[in-house]
Amino acid sequence: MMTVYKGVTVIDGTGAPAYRADVEVAEGRVARIGRVPGAGTDAHGLVLSPGFIDMHSHSDLLLLTEPAHEAKTTQGVTTEVLGQDGLSYAPVDDATLATLRTQLAGWNGNPEDFDWSWRSVADYLDRLDQGIAVNAAYLLPHGTIRMLVMGSDDRPPTADELDRMRREVATGMTEGAVGLSAGLTYSPGMYADTAELVALCEVVAAHGGYFSPHHRSYGRNALDAYAEMIAVSRASGCPLHLAHATLNFPENAGRAPELLALLDTADLTLDTYPYLPGATSLAALLPGWASAGGPEATIARLTDPATRERIRREIEEEGSDGCHGVPVDWSAIEISGVRDPANRRHVGTRVGQAPRPFEFFADLLVAERLGTSCLMHVGHEDNVRAIMRHPAHTGGSDGLLVGDRPHPRAWGTFPRYLGHYVRDEGVLDLVECVHHLTGRPARRLGLADRGVVREGYAADLVLFDPDTVADRATFDQPRTPAAGIHHVLVNGVPVVEDGRPTGALPGHSIR
């Protein structure tokens, strides 16, 4: 199959200036750039760039249950990185998988009529290779590995357990993972100390991978939490990529310059999403001790009056580690998804609207068996803008794809960068922004032939109109496709053509 785009403006992903050319695609590759004789698609006025790389994706299950993956293809994404925040579904055994299915229902759902037969990283990547719309890389999830080896206990590992975790990391890297993620405000990853993380990252570094942590606080102790991750990277020799690197909550308004000064002391990359609210599971607000032992133990604590009161006091008055050390502002917490249709009436409700907010929160978690997702309206526009300008910045949607009203970033992140923050607000220029979303993340992932428009490179490409590209997903209508994305190719095959998804599944795992 051969395609030629005639007279297109090429932004090649390197940060070099845009230029006008014809671009020929053949046999899954960029075959020729320059002047190509003959007919082709008239692309005057449009931009051809590398396909966007979503450095922080939660498509671990939806990419399998809905492999056409329109949430990402319609915004120009051609590669995404799974296994985020220290929690995903490989490597596992039967018991670990059962726990994760319950614990992660608020992130990813928990489909019953689904083939959960993989257990290893290799098996999971093989499942992806059976047919997906985009390419996918996988981070080993630290919390999952910890759970596999020592359950959900709040304690340090024994020497034997740490050795086994190191072996699991080595095996997963050999089977094709690109690095290690951590979720240090989520059970059980939050129970790990710095030395444990260093020990595991040493193995990752030996296999050429990188460390991508959701660190211990984006709130009260955010700068200390960032500093700890830099220290882990230095001590282990493992390259660092900071997940959804932002500063949230009232304590951090206007503090982005302090964060950027800290980041400038290290060699790292980071990703952000171009929105103010965050999104997670409602159970993530619980104190770490309340989540120890797994979902059943957590639910039991929420139904015991004395323990429930202890949880309330820590969340509302002291600031739990699950809520980043900040006493919760219930008016900022919005229910976005539920498991039980009987609770759908609560979607869109701010917890603070309830007469007794904590009781509403705790009762809903019990009724939903922790499967509720929420939005957290805690961001600051000045911080978002300052961090996206940083030369280490890349784009990541961090988008949950399940629930009645998920965060619109799952469908709108990349066109929002190009439309709102480039064209409308001028926070970045177009060439610079494309570099942030393509070439720079490709280098972090070690992709030798992707992320750049260059002859011989894989034809992961997006053709968009810089004058009309825009996110159309909103908090009320979060699954609305973007505007201005005309064509998207993955490995040379159109997954979006003339603005419409094709249903093609040319993607594969990147190992």
Side-chain angles (χ1 to χ4, degrees), residues 28 50-92 104 107-109 114-116 118 120-141 144 172-181 209-210 212 241 243 271 394-402 410-411 413-414 437-438 441-451 458-462 488-493 495-496 501 503-511:
F52 307 130
I53 298 175
D54 189 342
M55 288 295 285
H56 193 102
S57 169
H58 288 284
S59 306
D60 306 49
L61 291 186
L62 266 291
L63 192 53
L64 297 173
T65 60
E66 300 177 15
H69 209 33
E70 294 181 12
K72 296 301 175 66
T73 61
T74 57
Q75 55 178 309
V77 171
T78 59
T79 298
E80 56 185 351
V81 185
L82 313 175
Q84 300 287 348
D85 295 328
L87 291 166
S88 190
Y89 303 95
V92 293
L104 299 183
W107 282 6
N108 301 319
F114 180 68
D115 179 5
W116 294 89
W118 73 81
S120 69
V121 171
D123 290 344
Y124 176 71
L125 297 179
D126 286 345
R127 178 70 67 81
L128 294 175
D129 286 337
Q130 292 178 14
I132 52 177
V134 301
N135 304 311
Y138 188 71
L139 291 166
L140 294 170
T144 294
M173 292 299 298
T174 301
E175 291 178 346
V178 297
L180 178 75
S181 77
Y210 69 94
S212 182
H241 177 87
D271 64 67
T394 68
S397 70
D398 193 18
L400 303 182
L401 295 161
V402 302
W411 288 73
T413 287
F414 294 87
L437 306 182
T438 61
R443 286 203 308 273
R444 167 53 74 211
L445 291 168
L447 304 182
D449 63 349
R450 296 177 195 272
D460 293 345
L461 303 169
V462 56
V488 181
L489 276 63
V490 175
N491 297 309
V493 177
V495 294
V496 172
L505 303 178
H508 57 71
S509 65
I510 291 177
R511 310 191 187 212

Without swapping roles, check the side chain of Ser181 against the backbone of Gly83 for a donor-acceptor pair under 3.5 Å.
-> yes

Is there a side-chain contact between Val77 and Phe414, using heavy atoms and a 4.5 Å cut-off?
-> yes

For Gly76 and Val462 the tightest heavy-atom approach is CA-CG2, 4.0 Å

Considering the options Ile53, Thr79, Val81, which one meets the side-chain contact (heavy atoms from CB on, under 4.5 Å) requirement together with Asn135?
-> Thr79

Determine whether Met55 and Ser212 make a side-chain contact, defined as any pair of heavy atoms from C-beta on separated by less than 4.5 Å.
-> no

Output, in order, the C-alpha distance, side-chain angles, deciding distance and verdict of side chain to side chain contact (heavy atoms under 4.5 Å, CB included) for Thr144 and Val92.
-> CA-CA 7 Å; Thr144 294; Val92 293; 3.9 Å; yes

Candidate pair Val134 and Val495, rule side chain to side chain contact (heavy atoms under 4.5 Å, CB included), full reasoning = CA-CA 9 Å; Val134 301; Val495 294; 5.8 Å; no

Only residue of Trp116, Tyr138, Tyr124 satisfying ring-ring contact (aromatic ring centres under 6.0 Å, His included) with Tyr89 is Trp116

For Ser59 and Lys72, work out which heavy atoms get closest and say how close.
-> OG-NZ, 3.4 Å

May I ask you to test the Glu80-Ile132 pair for a side-chain heavy-atom distance under 4.5 Å?
-> no

Will you find, in the side chains of His58 and Asn108, an N or O donor that is under 3.5 Å from an N or O acceptor?
-> no

Could you state the interatomic distance from CG (Leu104) to CG (Leu87), rounded to the nearest 0.5 Å?
-> 5.5 Å

Between Asp460 and Val490, does a side chain to side chain contact (heavy atoms under 4.5 Å, CB included) hold up when you go through it step by step?
-> CA-CA 5 Å; Asp460 293 345; Val490 175; 4.1 Å; yes

Side-chain touch Leu82/Leu128, heavy atoms, less than 4.5 angstrom | yes

Atom of Leu63, atom of Ala136 and distance for their closest heavy-atom approach = CD2-CB, 3.9 Å

Hey, does Thr78 have a side-chain heavy atom less than 4.5 Å from the side chain of Leu489?
-> no

Between Arg127 and Asp115, what is the shortest heavy-atom contact and its length?
-> NH1-O, 2.8 Å

Distance from Leu437 atom CG to Gln75 atom CD, nearest 0.5 Å?
-> 10.0 Å

Show your working on side chain to side chain contact (heavy atoms under 4.5 Å, CB included) between Trp107 and Asp60 and close with a plain yes or no.
-> CA-CA 10 Å; Trp107 282 6; Asp60 306 49; over 6 Å; no

Taking the side chain as every heavy atom from C-beta outward, state whether Leu180 and Met173 have any atom pair closer than 4.5 Å.
-> no

CZ/Phe52 to OG1/Thr438 distance, rounded to the nearest 0.5 angstrom?
-> 7.5 Å

So, Arg444 and Asp271, do they make that salt bridge, N to O below 4.0 Å?
-> no

State, to 0.1 Å, how close Ala410 and Leu401 come at their nearest heavy-atom pair, and which atoms those are.
-> CB-CD2, 3.5 Å

Working to the nearest 0.5 Å, report the span between CG of Asp54 and OG of Ser397.
-> 3.5 Å

Minimal non-hydrogen separation, Pro506 against Ala133, with atom names = CD-O, 3.8 Å

Measure the CD-CG distance between Glu70 and Leu62 for me, rounded to the nearest 0.5 Å.
-> 12.0 Å

When rounded to the nearest 0.5 Å, the distance separating CZ of Arg450 from CG of Leu445 is 11.0 Å

